[in-house]
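Everything numeric here is computed off the predicted structure, so don't read it as measured data. This chain uses plain numbering: 1 for the first residue, then up along the sequence. Basis for what follows: all heavy atoms, side chains included, without hydrogens, waters or symmetry-related copies. Both counts, for ligands and for their atoms, begin at 1 and track the order of listing.
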Amino acid sequence: MSIVRKIFFLTMMLVLNTQVNCDGNTYSVTDYGAVSDGETDNTQSFMDTWKAACKAGGTMVIPAAKGNFFVNRIELDGPCSGQVTFQLDGVIVAPSGNPYRGSWFTFYSIDGLTVQGSGMFDGNGPSAWAQCPKCSPSIGLYAITNSHIQDITSLNSKGVHFVMVGGDGVTFEHLNITAPSDSPNTDGISMAKSSNIQVVDSYIGTGDDCVAIGQGSTDINISGVNCGPGHGISIGSIGKVEADKDVNGIHVQNCTLTSTQNGVRIKSWAPSYPVTVSNVTYEDITINNASNPIVIDQTYCFVNKQCPGDSQVQISDVKYIGVTGTSASQVAVNLQCSNSRTCQDIHLENIDLTLTEGGQASSNCANANVTYSGTQNPPPCNQ
Ligand SMILES: *[C@@H]1O[C@H](CO)[C@@H](O)[C@H](O)[C@H]1NC(C)=O
Ligand SMILES: *[C@@H]1O[C@H](CO)[C@@H](O)[C@H](O)[C@H]1NC(C)=O
Ligand SMILES: *[C@@H]1O[C@H](CO)[C@@H](O)[C@H](O)[C@H]1NC(C)=O
Ligand SMILES: *[C@@H]1O[C@H](CO)[C@@H](O)[C@H](O)[C@H]1NC(C)=O
Ligand SMILES: *[C@@H]1O[C@H](CO)[C@@H](O)[C@H](O)[C@H]1NC(C)=O
Ligand SMILES: *[C@@H]1O[C@H](CO)[C@@H](O)[C@H](O)[C@H]1NC(C)=O
């Protein structure tokens, strides 16, 4: 190699090195070739940036930029060396249609992940919804522990916005999760087999559940969530498959639901496998014009199929404390429990729900063992 070429190469390497790792532990996708023109496929650049940040225990940066970073299906895997941050300040856009199975953006097997920033995941849902209901989630969180997802926006997922399985010690905070009310199955945060989860101070308005708590979830706190449009805050559906695990320790506090299909709902399949849902508290809940403000539905099944047999899901120790507001339908408190597994220890305290149009709402209960204290509007069920 000539001296001139040697010097050229050495200089290039120096330039590349300083570009790629300019700020200690910070790795920007643009230094790995990403372009925010909305067309360039940045999947490999994102992959390379992640590998560097994960290996070093550093920060992967998607900078604020004119235009969007187009990224195809991608899986960011751990374990990483120490804490790793996904700093999202720009906009990442998904392919159009519904071209892949599984989540668009998967985070897998990471301890100590922070996803944060003023940026947005744009799932490009409008291009897919005609082909749904079973469309891909936007963000998949699988086996993520001791982690924070905060400040970012998730817009128009094709399917579920955030799906989490096997999470432990995960906080969702200050999120904006948005999709139109008629978008199919666009749950905000849908979790299963997860523990020690906080969903705090967030806005969630979608075409399906704002938060869905699935089988095997324990010690879940939801507070300061503004939900609507959507199907409300739901536990279930539980009991569909034999492997389903119990749900225990759910606390929903200081939440507001506006023009949602349901307010606070527990649903189980009929028929179903014998799991339990217990130790659930709803506290300080404001409901504006939900169709079913308080609902337990143990007869949940596909509308076009027969639902023979009772649900074998045992629901017990559920407290509703301070649920106030308005109902879009006549029945504001609707507790439809299983004939063979009657709901036990349901307690309603200081309930004040009137009809949106004005007038007295009513209660409707079946197979529910309910106790009451404080204000009861609508009046208790006559069983
Ligand atoms: C959420 O994000 C959408 C899309 O950027 C925006 O239009 C909306 O105003 C935001 N909502 C809140 C409550 O921040
Ligand atoms: C839920 O919140 C309560 C009170 O805010 C707190 O004591 C409890 O530790 C939280 N639970 C979890 C699983 O973080
Ligand atoms: C209730 O939630 C709102 C956000 O919706 C938050 O601003 C407020 O601080 C919360 N209040 C309490 C007492 O936690
Ligand atoms: C009820 O759930 C809370 C968490 O919300 C938990 O700390 C407590 O141990 C649970 N109690 C029972 C009896 O399972
Ligand atoms: C209440 O909800 C119903 C049905 O979801 C809707 O048609 C109606 O416009 C809403 N009313 C108000 C006052 O928001
Ligand atoms: C309702 O609960 C009380 C107290 O736990 C119990 O004695 C009674 O048998 C229960 N009734 C039904 C129908 O389950």
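When side chains are defined from C-beta on, Y27 does not count as touching D48, because their heavy atoms never get closer than 4.5 Å. Between H161 and T206 there is a side-chain heavy-atom pair separated by less than 4.5 Å.
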Item to check | Worked check of ring-ring contact (aromatic ring centres under 6.0 Å, His included) between Y108 and Y142 | outcome: CA-CA 5 Å; Y108 171 66; Y142 303 102; 7.4 Å; no
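With 3.5 Å as the limit, one finds a donor-acceptor pair spanning the side chains of Q198 and N221. D111 and T145 share a side-chain donor-acceptor pair at under 3.5 Å. Between the side chains of N25 and T59, no donor-acceptor pair is found at a separation under 3.5 Å.
In summary, the aromatic rings of F86 and F107 are positioned with their centroids under 6.0 Å apart.
By the criterion of a heavy-atom distance under 4.0 Å, neither the backbone nor the side chain of T281 is placed next to ligand 4.
Counting heavy atoms only, D201 comes closest to atom 6 (C) of ligand 3 of the residues D201, D284, V200.
Close N/O approach between H251 and ligand 4 is not found [any backbone or side-chain N/O within under 3.5 Å].
For the side-chain contact (heavy atoms from CB on, under 4.5 Å) with I92, the lone residue among I152, I74, V71, N68 that qualifies is V71.
With hydrogens left out, the protein atom closest to atom 4 (C) of ligand 5 is A328 CB, 4.5 Å, a heavy atom. Of all protein heavy atoms, the one lying nearest to atom 14 (O) of ligand 3 is N254 ND2, 3.2 Å. When hydrogens are left out, the protein atom nearest atom 13 (C) of ligand 5 is T356 CG2, 3.9 Å; that is the closest non-hydrogen contact. Among all non-hydrogen protein atoms, the one lying nearest atom 5 (O) of ligand 3 is G224 O, 3.4 Å. Nearest protein neighbour of atom 8 (C) of ligand 5, counting heavy atoms only, is N289 ND2, 3.9 Å.
Protein non-hydrogen atoms do reach within 4.0 Å of atom 2 (O) of ligand 5. Within a 4.0 Å radius of atom 11 (N) of ligand 5, the protein contributes one or more non-hydrogen atoms.
Of all the atoms in ligand 4, the ones that sit under 4.0 Å from a non-hydrogen atom of D219 are 3 (C), 4 (C), 6 (C). Atoms of ligand 4 lying under 4.0 Å from at least one heavy atom of N248, given by number and element, are 1 (C), 10 (C), 14 (O).
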